[in-house]
Amino acid sequence: MSKLDWLTQEIDGLKDQGLYNRIRTIGSAQGARLIVDGKDVLNFCSNNYLGLANHPKLIEAAKDATKKYGVGPAAVRTIAGTTNLHVELEKRLAKFKGAEDVITFQSGFTANLGTISALITKEDVIFSDRLNHASIIDGCRLSGGRIIPYDHNDPTALEAAIKENAGTYRRALIVTDGVFSMDGDIAPLPALYEVAKKYDILFMVDDAHGEGVLGKGGRGIVDHFDLHGKVDIEVGTMSKAFGVVGGMVAGNRVIIEWLRQRGRPFLFSSAVTAPDAAACLAAVDLLEESTALVDKLWDNAKYFKAEMKKLGFDTGVSETPITPIMLGEAPLAQQFSRELFENGVFAMSIGFPTVAKGKARIRVMISASHEKNDLDKGLEAFAKVGKKLGVI
Ligand SMILES: *Cc1c(COP(=O)(O)O)cnc(C)c1O
């Protein structure tokens with residue numbers, strides 16, 4: 001017996017259950033097509049919603065910033081790592097989103113970790129949607145606050161949980177994903193806000209999949225529901241629709257000021273590089289110039305989803321370009337993904353623990369970089385594999 005035997009057993013267990021991640025390798029820039037494990041395939045699973053990850057304007061901005069600032073941050077933000085570009089990006093994002101202020105983090109993940117743990121301590125509670133993203137859950141755990149999960153997207157359940165726990169805590173936070181990343185449904189933010197307002201509780205939304213997707217020209221979920229100034233904290237990411245990398249927190253001025261003092265990933269880990277910040281600024285420029293990419297994304301998503309339904313697939317409860325193809329057991333989802341790949345389509349399967357057991361799926365991510373012809377080729381492959389495996 002070795003002290004590592006348990007790991008080998010756990011890993012074998014994952015393989016037996018069809019839950020072992022086999023990570024594919026990308027050999028090209030992001031776009032409608034990708035070189036995956038050396039093979040040229042249609043790309044149906046990256047979060048590059050607007051096709052910005054390989055946009056000439058973003059590349060040019062990153063190149064120019066590299067020449068001027070070099071490639072490494074060399075220090076954390078609070079010591080010597082805040083460039084003009086970081087400051088400009090935060091100002092531009094605040095203006096774009098109509099928020100009082102913005103702080104950026106290395107990623108959406110660290111934005112959630114840093115924000116929740118800076119606002120909540122062990123005397124406090126967090127009311128958290130049961131299907132919240134792992135980074136919210138980890139942020140809640142890190143804070144030491146008591147976590148009170150409420151039923152998914154259910155403001156009535158939230159209110160009941162608040163009433164039930166009245167008087168048992170000092171301060172509270174309500175936190176929800178904006179767009180739920182595995183199902184593509186949207187949180188009922190206005191109704192959740194009413195509950196937050198009634199009980200005067202801090203209200204936070206993580207809009208990673210809504211940033212650049214929802215709202216006017218991609219201004220996010222707060223804009224989508226016209227809740228400016230009402231949602232205290234809106235977390236977002238620049239690694240999805242923005243096509244670059246980095247997290248952001250938009251919201252109330254004093255909260256952002258506090259996060260600059262006490263957001264631990266901001267204080268103790270170096271920021272995104274100057275070229276990253278420059279590319280993000282170029283993304284904001286593009287989004288402010290025109291809604292064309294956001295409009296194309298939605299047109300593509302509506303077309304693909306409608307055609308998949310016509311073919312007889314179950315696309316779940318999605319209201320956004322995230323299109324889950326519900327398959328049930330993880331081994332079936334894995335097999336489906338492999339067969340798609342053989343037919344020239346790259347779409348990964350997703351199983352436990354990312355989604356509940358028995359709810360495995362292929363998650364298709366539609367983007368503005370797809371042309372109709374790409375979508376039709378994808379649909380053809382789905383139909384072929386779906387019939388072969390008896391799904392439709
Ligand atoms: C992707 C995602 C994140 C993490 O964003 P990164 O910038 O990739 O770290 C956080 N929250 C939600 C809801 C997400 O979907």
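All ligand and atom numbering here is 1-based and tracks the order in the structure. The figures that follow rest on heavy atoms only: side chains count, while hydrogens, waters and symmetry mates do not.
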Here the atoms of ligand 1 under 4.0 Å from any heavy atom belonging to Ser135 are 10 (C), 11 (N)
Phe109 neighbourhood, listing ligand 1 atoms whose heavy-atom distance to it stays under 4.0 Å:
4 (C), 5 (O), 6 (P), 9 (O)
With a 4.0 Å cut-off on heavy atoms, does Met238 reach ligand 1?
no
With a 4.0 Å cut-off on heavy atoms, does Gly247 reach ligand 1?
no
Checking a contact table here: which protein heavy atom is nearest atom 15 (O) of ligand 1, and how many Å away?
Lys240 NZ, 2.7 Å
Under 4.0 Å from a heavy atom of Ser107: which atoms of ligand 1 are those, numbered in the order shown and with their elements?
7 (O), 9 (O)
Quick one: sort the His370 and Phe44 rings into parallel, tilted or perpendicular, breaks at 30° and 60°.
tilted
Element-labelled atoms of ligand 1 that are located less than 4.0 Å from some non-hydrogen atom of Ser239:
6 (P), 7 (O), 8 (O)
If you count the non-hydrogen atoms of other residues, nucleotides and ligands that lie under 6.0 Å from CG in Asp5, is the total more than 12?
yes
Could you identify the single nearest non-hydrogen protein atom to atom 11 (N) of ligand 1 and state the distance to 0.1 Å?
Asp206 OD2, 2.5 Å
Can an N or O of Gly108 be found at a distance shorter than 3.5 Å from an N or O of ligand 1?
yes
Considering only heavy atoms, does Ser181 approach ligand 1 within less than 4.0 Å through its side chain, its backbone, both, or neither?
side chain
Taking atom types as modelled, is there a side-chain donor on Arg77 or Thr104 under 3.5 Å from an acceptor on the other?
yes
Step through the shown structure and confirm whether more than 12 heavy atoms of other residues, nucleotides or ligands are within 6.0 Å of CZ on Arg130.
yes
Using a strict cut-off of 4.0 Å, indicate which atoms of ligand 1 neighbour a heavy atom of His209.
15 (O)
Flag for Asp185-His152: side-chain donor and acceptor within less than 3.5 Å:
yes
Any sub-3.5 Å donor-acceptor pair from Arg361's side-chain atoms to Met182's backbone N or O?
yes
Checking side-chain polar atoms at under 3.5 Å, does Tyr150 have a donor or acceptor matched by the opposite partner on Glu159?
no
Classify the side-chain pair Ser135/Asp138 by whether it contains a donor and acceptor separated by less than 3.5 Å.
no
Thr237 N/O under 3.5 Å from ligand 1 N/O
yes
For ligand 1, is there an N or O atom under 3.5 Å from any N or O atom of Ala208?
no
His209 and Tyr49, any side-chain heavy atoms less than 4.5 Å apart
yes
